[in-house]
Amino acid sequence: MMDTAWPVDFWIPSPGRVPDGVRVYAVGDIHGRADLVERMLDAIDLDMARGATGVERFVAVFLGDYIDRGPRSRRVLDILSNGMPAGLETEFLMGNHEHFLVSFLDGVGDPAGWLFNGGMATLASYGVQAPGTMFPTGQDENELRDALLDALPERHMVFLRNLTMSYRLGDFLFVHAGVRPGVALDHQAPEDMLWIRGPFLTSDADLGAIVVHGHTITPRPLILANRIALDTGAHDSGRLTCGVFEADRLRFLQT
């Protein structure tokens, strides 16, 4: 783990390479902190104009978990669906919290897990009254779903429905949680890409790409030979982290 002062606003060697002429901004878990994502997008906008000789494409990859826990999930989705700096290509990945929400809206799965893990904050951000219990009855669940569907702007629904599970560029695979070691990258189970921890976090195996991920909080970005972790617990710490990848080098932006 890097122990230098943060943010590391200078280039360091990267364990992998992105194609020439491309700069990638990989943003960790936001969790309802609209204030932080606004500041990060301002920082990216400024960074795009700084020392970008030879860069022809700027790509931002958001690693999922945009909602829940923090107070302004609705505002985060407003920003991400309609507020990117000019000239910045975007890739939005699905996190387990977006999967919680979409599953609830589709009427599949148990909503208790979502409500217990930050869903109450998302409901509040949309002005939807939360149930009096983490374990709503079937009728309460249907009423809650209808209320949230009424409150959810169409643009947010389109955004959620178009999230992708992973993004591959150069030597890197960007994904929310990680991958299962020993399984080919094109055969990874969605559940693992959204949820995996132990087998992935403890592996020093060649994973088929260097995996850039969020999901598991670390105090500072973690750089290993086979993975880079960027979730610095923004909803509690106030530190939203972005990894900046260019050629065979790496640095960080951080709120």
Side-chain angles (χ1 to χ4, degrees), residues 1-2 4-18 22-52 55 57-67 70 72 75-77 79-81 83-95 163-164 166-178 210-224 227-255:
M1 185 178 297
M2 303 294 296
T4 52
W6 290 91
V8 177
D9 196 20
F10 52 86
W11 294 110
I12 59 176
S14 171
R17 185 181 185 92
V18 297
V22 180
R23 180 182 293 176
V24 179
Y25 298 94
V27 181
D29 303 31
I30 298 166
H31 276 305
R33 289 296 303 267
D35 56 331
L36 301 184
V37 76
E38 286 176 328
R39 286 163 55 188
M40 182 59 74
L41 288 173
D42 285 344
I44 290 173
D45 196 20
L46 289 172
D47 193 76
M48 288 167 61
R50 187 190 72 169
V55 178
R57 291 178 60 204
F58 298 93
V59 182
V61 184
F62 293 83
L63 298 176
D65 280 6
Y66 315 116
I67 62 169
R72 301 184 66 198
R75 178 59 181 155
V76 170
L77 295 191
I79 294 166
L80 297 183
S81 62
M84 295 296 105
L88 183 64
E89 300 176 32
T90 52
E91 297 287 339
F92 297 103
L93 306 185
M94 177 171 281
L163 298 176
T164 58
S166 65
Y167 176 68
R168 182 76 185 265
L169 186 66
D171 295 332
F172 298 95
L173 178 75
F174 301 85
V175 66
H176 176 63
I210 299 158
V211 178
V212 181
H213 67 98
H215 187 58
T216 298
I217 294 173
T218 58
R220 299 183 180 92
L222 179 64
I223 305 171
L224 300 174
R227 66 181 181 91
I228 298 173
L230 295 177
D231 181 4
T232 47
H235 64 284
D236 282 333
S237 68
R239 293 188 299 271
L240 178 62
T241 297
C242 171
V244 186
F245 301 79
E246 186 178 319
D248 57 356
R249 55 188 187 166
L250 169 66
R251 57 183 169 84
F252 299 94
L253 305 175
Q254 193 173 71
T255 60

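No hydrogens, no waters, no symmetry mates; every other heavy atom, side chains included, goes into these values. In this text, all values refer to a predicted model and were calculated from it rather than measured experimentally.
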Residues forming a ring pair (Phe, Tyr, Trp, His ring centres under 6.0 Å) with [X], sequence neighbours excluded:
X      : value
Phe58  : none
His213 : Phe200
Tyr25  : none

Check [X] against [Y] and note the closest heavy-atom contact, atom names and distance.
X      : Y      : result
Pro15  : Ile228 : CG-CD1, 4.0 Å
Leu230 : Pro221 : CD2-CB, 4.2 Å
Met48  : Ala86  : CE-O, 3.5 Å
Val27  : Cys242 : CG2-SG, 4.1 Å
Arg239 : Thr232 : O-OG1, 2.6 Å
Leu41  : Met84  : CD1-CE, 3.7 Å

State which residues pass side-chain hydrogen bond (donor to acceptor under 3.5 Å, both in side chains) with [X]; sequence neighbours excluded, sorted by chain then number.
X     : result
Arg57 : Glu89
Arg17 : Asp20
Asp35 : Arg33
Ser81 : Arg155

Legend entry - 4.5 Å side-chain heavy-atom contact, Val76 and His31: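 Side-chain contact under 4.5 Å: no.
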Legend entry - Separation of Ile12 CD1 from Leu250 CG (nearest 0.5 Å):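 If I round to the nearest 0.5 Å, the distance is 5.0 Å.
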Inset, instruction - Output the distance between atom CD1 (Ile223) and atom CZ (Phe252), rounded to the nearest 0.5 Å. - result: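 Answer rounded to 0.5 Å: 4.0 Å.
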Legend entry - Results of side chain to side chain contact (heavy atoms under 4.5 Å, CB included) for Ala177 - residues two or more places apart only: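 With sequence neighbours excluded, Ala177 shows a side chain to side chain contact (heavy atoms under 4.5 Å, CB included) to Ile196, His215, given in chain and number order.
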Inset, instruction - Can you sort out the partners of Ile217 under side chain to side chain contact (heavy atoms under 4.5 Å, CB included), two or more places apart, ordered by chain and number? - result: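 In terms of side chain to side chain contact (heavy atoms under 4.5 Å, CB included), with neighbours along the sequence ignored, Ile217 is linked to Asp231, His235.
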Inset, instruction - Using the side chain to side chain contact (heavy atoms under 4.5 Å, CB included) rule, pick out the option among Val18, Val59, Ile210 that qualifies with Phe245. - result: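 It is Val18; the other options fail the test.
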Inset, instruction - Let me know which of Val211, Val61, Val24, Val212 forms a side chain to side chain contact (heavy atoms under 4.5 Å, CB included) with Phe172. - result: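 Running side chain to side chain contact (heavy atoms under 4.5 Å, CB included) over Val211, Val61, Val24, Val212 with Phe172 returns exactly one hit, Val212.
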Inset, instruction - Please step through side-chain contact (heavy atoms from CB on, under 4.5 Å) for the pair Phe10 and Arg251, ending with a clear verdict. - result: CA-CA 6 Å; Phe10 52 86; Arg251 57 183 169 84; 5.9 Å; no
Inset, instruction - Just do the side-chain contact (heavy atoms from CB on, under 4.5 Å) check on Arg75 and Glu38 with the steps written out, would you? - result: CA-CA 10 Å; Arg75 178 59 181 155; Glu38 286 176 328; 3.0 Å; yes
Inset, instruction - Using the test salt bridge (charged side-chain N to carboxylate O under 4.0 Å, His left out), find all partners of Arg23 that sit at least two apart in sequence or belong to another chain. - result: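 In terms of salt bridge (charged side-chain N to carboxylate O under 4.0 Å, His left out), with neighbours along the sequence ignored, Arg23 is linked to Asp47, Glu246.
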Inset, instruction - State which residues pass salt bridge (charged side-chain N to carboxylate O under 4.0 Å, His left out) with Glu91; sequence neighbours excluded, sorted by chain then number. - result: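 With sequence neighbours excluded, Glu91 shows a salt bridge (charged side-chain N to carboxylate O under 4.0 Å, His left out) to no residue whatsoever.
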Legend entry - Backbone of Pro219 reached by a side-chain donor or acceptor of Ser237 within 3.5 Å: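 The answer is no, because no donor-acceptor pair under 3.5 Å joins these two groups.
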Inset, instruction - Before giving the answer on side-chain contact (heavy atoms from CB on, under 4.5 Å), spell out for Leu240 and Ile30 the whole-Å C-alpha distance, their side-chain angles and the decisive distance to 0.1 Å. - result: CA-CA 7 Å; Leu240 178 62; Ile30 298 166; 4.0 Å; yes
